[in-house]
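In this text the structure is predicted, and so the values were computed from the model without any measurement. Atoms within each ligand, like the ligands themselves, are counted from 1 in listed order. We count residues from 1, following the sequence as given.
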Amino acid sequence: MRMASLAAGIALAIAASAPALAQKWDMPMAYPATNYHTQNGVAFGKCVADATAGKLSIIAHPNGSLFSGNDIKRAVQTGQAPIGERLISAHANENPLFGVDSIPFLATSFADSARLWKAAEPKIAAALARQNLVYLYAVPWPPQGFYFKKPVTSLADMKGIKFRAYNAATARIAALAGMVPVQIEAAELSQALATGVAESFISSGSTGVDSKVWESLKYFYDVQAWLPRNVVFANKDAFAALDAATQAALRGCADKAAVAGAKTAEDLTAGYLKTLAQNGMIVSPPSAALKTDLAKLGETMTEEWLKAAGADGKAIIDAFKAR
Ligand code: PCA
């Protein structure tokens, strides 16, 4: 008994005198463990553990298991989680700048998405900083296309369909097309489609494959509307409490994760559409009429976004268009 408490006392004294205790950071994430964003986040955590010789380890909690997607950002802001990953455009209601990556038909390729993000990144980081968050890195999803049960050749064909939305832009598309929007996290998408709560949506081939969407839907239109991003951020106080070397390790690994994640996304894009087709979906480009309708919708939504996002928004778009 005495020996045991003595040993415990010594262990405590050693731990307390160590320059910094080994820390574990739980990282809530919203997408499945097999998704490349999650795997990239796990690799980021391993990079941090290696760079800090185990002083900081990051434990990924995929699929909304720790906090559901929509709660992750607030959890990190309030310090309930020290770090997390979230689809940033889902928070465009807090700040229109968070929706810069979801303006229809503005940046539709990986190269353009990278240029747009480069123009937006400092302003996004500053906006997050005002919310008690430290921006670490962002990774794009593949281009967004439409999933439907029946063939759709114009906007008029969409009328009345229940449309799963994941941010303000997708809800706005539903409204402009006369569809009925329902907000649903990716983790609940399969179930929503199976039960008929949703009958259509816009997303990447990645999420279509994750959700085995062919079990409920038949048509994918590769309209390439935009490439939204997941952002990884830390709680400002948790970050500030780290020593300088650990902060630098986080930053360095974040920069690597941004590059690796974007490359993986691009490498996987064609394969996702192939998998959809192999499972019986009809994968095709939009009809000429649908393309025309969508271009108009894109113009409307670009104007609306510029109005909402003000001078900062305009500066980003101008920088993006300047090349
Ligand atoms: N997948 C996520 C966001 C964008 C994407 O491609 C989703 O559908 O929730």
Does this structure show an ion pair linking [X] with [Y], if we count only N-O contacts that are shorter than 4.0 Å?
X      : Y      : answer
Asp112 : Arg115 : yes
Asp267 : Lys263 : yes
Lys149 : Glu215 : no
Lys73  : Glu94  : yes

Below a 4.0 angstrom heavy-atom separation, can you tell me which part of [X], side chain or backbone, both or neither, approaches ligand 1?
X      : result
Pro228 : side chain
Tyr31  : side chain
Leu87  : side chain

Number the atoms of ligand 1 from 1 as they appear, then name those within less than 4.0 Å of a heavy atom of Thr207, with their elements.
->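 Answer for ligand 1: 1 (N), 2 (C), 5 (C), 6 (O), 7 (C), 8 (O).
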Give the numbers and elements of all ligand 1 atoms closer than 4.0 Å to a heavy atom of Ala186.
->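 With Ala186 as reference, the close atoms of ligand 1 come out as 9 (O).
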Is the backbone of Val152 close enough, under 3.5 Å, to the side chain of Tyr221 for a donor and an acceptor to pair up by distance?
->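 It does hold such a pair.
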Would the Phe44 and Tyr137 ring centres measure less than 6.0 Å apart?
->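 Yes.
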Shortest protein heavy-atom distance from atom 5 (C) of ligand 1, along with the residue and atom involved =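 Going atom by atom, the protein heavy atom closest to atom 5 (C) of ligand 1 ends up being Ser203 OG, 3.1 Å.
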Quick one: look up the protein heavy atom nearest atom 6 (O) of ligand 1 and list residue, atom name and how far away it is.
->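 Looking at atom 6 (O) of ligand 1, the protein heavy atom closest to it is Ser204 OG, 2.6 Å.
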Contact (N/O only, under 3.5 Å) between Arg164 and ligand 1 |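 Yes, since at least one N or O of Arg164 sits under 3.5 Å from an N or O of ligand 1.
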Ligand 1 and Tyr166, any nitrogen or oxygen pair closer than 3.5 angstrom?
->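 Such a contact does not occur with ligand 1.
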Per atom 4 (C) of ligand 1, closest listed option by heavy atom (Arg229, Glu188, Gln144, His37) =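 Going through Arg229, Glu188, Gln144, His37 one by one, Gln144 has the nearest heavy atom to atom 4 (C) of ligand 1.
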Going by heavy atoms in the side chains, are Phe233 and Gln77 under 4.5 Å from each other?
->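 Of all side-chain heavy-atom pairs linking Gln77 with Phe233, none is under 4.5 Å.
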Applying a strict 4.0 Å limit to heavy atoms, is Glu185 in contact with ligand 1?
->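 Judged by the 4.0 Å heavy-atom criterion, Glu185 does not count as contacting ligand 1.
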Out of curiosity, Glu266 CD to Leu268 CG, how far, rounded to the nearest 0.5 Å?
->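 Going from CD on Glu266 over to CG on Leu268, the span is 10.5 Å.
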